[in-house]
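Right, one structure below, let's go through it.
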Amino acid sequence: MTQTNSTYIPNLKVVTLNFWGIRYISKDVEIRLRYLIRALRESDYDLVALQEIWSFNDYQRIKEGLGLVFPYSHYFQNGLVGSGCCVFSRHHIEEVFFHRFSLNGYPYKIQHSDWFAGKLVGLAVIHYHGLVINAYVTHLHANYSVNYLLNQHSDEYLAHRITQLLELGQFISKTGVQADVCLLLGDLNTLETEFGYKLLRNHAQLLDAYLEKNNSLDEFCDGVTCNNRNNKYQPPKSVRNAFPDGLRIDYIMYKYGKDLAMKCLVCKTCFGKIGSTGLNYSDHEGVRAEFEIKKLRSNIHSLAEIKSKIEPSIHYYLDARSVLLKSIESISTSQIIFVLIAFLCFILLFLFNNLNEYFSVFKNFILSMIIFFLFIFTLFVKTVEKKILVCSLDSLNVVIKHKNFEFRKLN
């Protein structure tokens with residue numbers, strides 16, 4: 001990459017952390033929050049992206065504690081309990097915007113709670129030494145399957161997360177056109193070996209800072225951000241056994257515009273142990289990165305260089321389409337089953353009513369409630385989910401058709 005006739009820009013330092021801040025459920029939230037505020041206040045980061053700051057009061061405390069160092073910040077309000085996503089910047093934030101993902105789990109899966117969070121991708125447009133930086137912060141739907149490495153389809157939320165990854169890639173691709181630099185920071189709940197990860201990078205033309213890093217030997221990092229064996233807050237034994245080496249699911253990705261040269265100098269995990277307390281900042285490790293950015297006077301476009309580092313393939317889109325088709329078929333089958341169960345319950349309403357008055361009242365009440373919830377579930381919840389999946393499938397088909405057209409042109 002040529003660096004002649006360049007204009008100096010200070011190195012850009014960013015960090016992301018899934019804080020695990022569920023009040024009354026997550027462990028040691030109060031003490032971890034105090035140490036996090038202190039660590040960030042003493043840091044030299046230009047931009048901080050946090051996820052799972054579920055309490056808006058906790059965000060306010062962080063904002064007040066960092067006000068002199070990070071005077072610009074924003075919390076992305078969404079869902080019943082908030083999105084949990086927020087950003088803190090040393091540099092002026094010009095504008096904020098967000099996109100709420102169309103699918104995000106189920107309201108009746110209370111134990112998983114993703115639906116109540118209102119998962120989204122938040123955008124903060126930041127001015128940095130003459131550059132316009134689009135900073136995206138996100139947190140995708142979790143994977144609750146311990147057999148996922150053996151069979152990706154064992155994850156009941158796979159189609160939802162694929163839809164989120166597609167929407168995320170489209171959002172970055174369309175909103176990042178005028179930006180000099182685009183940064184994606186957050187917990188994608190997706191492994192780099194998955195086709196969803198590759199689909200996102202391919203569609204939004206993003207580089208993975210961890211794969212592009214130029215760490216020195218003394219800055220070696222295995223990249224594990226979740227289920228780290230050195231973390232105090234360990235998941236259940238079944239999860240530890242399924243992923244004994246931990247997972248890299250928290251990312252910093254980036255791309256840059258024409259007339260720029262951008263290099264990832266360092267990318268490694270951070271926010272592990274809290275001094276000598278024996279505690280960790282979170283059940284996740286943070287990820288930090290430092291970038292060297294040079295503004296070139298010559299008319300050089302970076303897109304060709306970025307594309308050379310991203311494996312071009314239509315197979316990621318085909319795999320995603322296969323997942324969506326399977327999920328749509330599954331919904332249609334379940335809707336038929338629910339209708340049959342509701343019909344059976346309706347028949348039972350008129351049977352055995354002469355045995356006992358109290359029994360009949362209780363029976364009819366229970367059956368009426370079952371019919372009502374099956375009606376709501378079939379007509380609204382599953383129908384809406386199916387329509388959104390069909391819409392995502394249509395989007396994928398358009399992209400696949402275009403890529404086939406481009407391939408035929410080249411050949």
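Starting from 1, each residue takes its place in the sequence as its number.
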To the nearest 0.5 Å, what is the distance between [atom1] on [X] and [atom2] on [Y]?
| X | Y | atom1 | atom2 | answer |
| --- | --- | --- | --- | --- |
| Ser360 | Leu351 | OG | CG | 10.5 Å |
| Leu166 | Arg321 | CG | CZ | 13.0 Å |
| Ile336 | Ile341 | CD1 | CD1 | 12.0 Å |
| Leu379 | Phe338 | CG | CZ | 13.5 Å |
| Lys232 | Leu279 | NZ | CG | 6.0 Å |
| Lys119 | Glu167 | NZ | CD | 13.5 Å |

Compare every heavy atom of [Y] with every heavy atom of [X], then report the nearest pair and how far apart it is.
| X | Y | answer |
| --- | --- | --- |
| Val224 | Gly246 | CG1-CA, 3.8 Å |
| Cys345 | Ile370 | SG-CG2, 3.8 Å |
| Cys85 | Gln51 | SG-CG, 4.2 Å |
| Tyr128 | Asn11 | OH-O, 2.9 Å |
| Cys267 | Val287 | SG-CG1, 3.8 Å |
| Ala204 | Gly169 | CB-O, 3.8 Å |

Given the side-chain rings of [X] and [Y], with only the six-membered ring counted for Trp, is the space between their centroids under 6.0 Å?
| X | Y | answer |
| --- | --- | --- |
| Tyr251 | Tyr197 | yes |
| Tyr256 | Phe291 | no |
| Tyr72 | His92 | yes |
| Tyr281 | Phe271 | yes |
| His112 | Tyr106 | no |

Within 45° of the ring axis of Phe19 and under 6.0 Å from its six-membered ring centre, is that where the NZ or CZ of Arg32 lies?
-> yes

Taking the six-membered ring of Phe195 as reference, does the NZ or CZ atom of Lys198 fall below 6.0 Å from its centre and within a 45° cone about the axis?
-> no

Taking the six-membered ring for Trp, are Phe375 and Phe380 parallel (under 30°), tilted (30 to 60°) or perpendicular (over 60°)?
->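 Ring orientation of Phe375 relative to Phe380: perpendicular.
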
Count the heavy atoms belonging to other residues, nucleotides or ligands that lie under 6.0 Å from [atom1] of [X], then report whether that count exceeds 12.
| X | atom1 | result |
| --- | --- | --- |
| Lys273 | NZ | yes |
| Tyr108 | OH | yes |
| Glu329 | CD | no |
| His129 | NE2 | yes |
| Ile347 | CD1 | yes |
| Arg240 | CZ | yes |
| Phe56 | CZ | yes |
| Lys109 | NZ | yes |

Between [X] and [Y], does at least one N-O distance fall below 4.0 Å, as a salt bridge requires?
| X | Y | result |
| --- | --- | --- |
| Asp114 | Arg161 | no |
| Arg61 | Glu30 | yes |
| Asp180 | Lys295 | no |
| Asp208 | Arg201 | no |

Keeping [X] on the side-chain end and [Y] on the backbone end, is there a donor-acceptor pair under 3.5 Å?
| X | Y | result |
| --- | --- | --- |
| Thr225 | His284 | no |
| Ser327 | Val323 | no |
| Lys403 | Ile400 | no |
| Tyr75 | Ile53 | yes |
| Thr138 | Leu120 | yes |
| Gln205 | Asn202 | yes |
| Asn78 | Gly118 | yes |
| Arg23 | Trp54 | no |
| Ser330 | Lys326 | no |
| Gln335 | Thr378 | yes |

Modelled atom types, side-chain donor and acceptor of Thr277 and Tyr35, under 3.5 Å |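 Looking only at side-chain atoms, Tyr35 and Thr277 do not form any donor-acceptor pair under 3.5 Å.
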
Distance-only side-chain donor-acceptor flag, Tyr59 / Ser73, under 3.5 Å | yes

Residue pair [X] / [Y], side-chain heavy-atom distance below 4.5 Å:
| X | Y | result |
| --- | --- | --- |
| Lys255 | Leu207 | no |
| Arg41 | Ile37 | yes |
| Leu184 | Leu200 | yes |
| Arg248 | Glu192 | yes |
| Cys86 | Val137 | no |
| Leu17 | Leu50 | yes |
| Ser43 | Phe70 | yes |
| Val69 | Leu40 | no |

Would you please test His203 and Tyr317 for side-chain hydrogen bond (donor to acceptor under 3.5 Å, both in side chains) and show each step?
-> CA-CA 9 Å; His203 199 83; Tyr317 297 91; 3.1 Å; yes

For the pair Leu131 and Leu260, evaluate side chain to side chain contact (heavy atoms under 4.5 Å, CB included) and give the outcome as yes or no after the intermediate values.
-> CA-CA 10 Å; Leu131 299 179; Leu260 284 182; 4.1 Å; yes

Are His141 and Gln164 close enough, and set up right, to give a side-chain hydrogen bond (donor to acceptor under 3.5 Å, both in side chains), and what steps lead you there?
-> CA-CA 8 Å; His141 199 295; Gln164 290 179 351; over 6 Å; no

Sole candidate of Asp28, Asn227, Asn228 that passes side-chain hydrogen bond (donor to acceptor under 3.5 Å, both in side chains) when paired with Tyr233 =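 When Asp28, Asn227, Asn228 are each tested with Tyr233, the side-chain hydrogen bond (donor to acceptor under 3.5 Å, both in side chains) holds only for Asp28.
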
Among Leu191, Thr190, Leu188, which one satisfies side chain to side chain contact (heavy atoms under 4.5 Å, CB included) with Ile249?
->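 Exactly one option meets the side chain to side chain contact (heavy atoms under 4.5 Å, CB included) with Ile249, and it is Leu191.
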
Go through the steps for Gln178 and Val132 under the test side chain to side chain contact (heavy atoms under 4.5 Å, CB included), then give the verdict.
-> CA-CA 8 Å; Gln178 300 298 325; Val132 175; over 6 Å; no

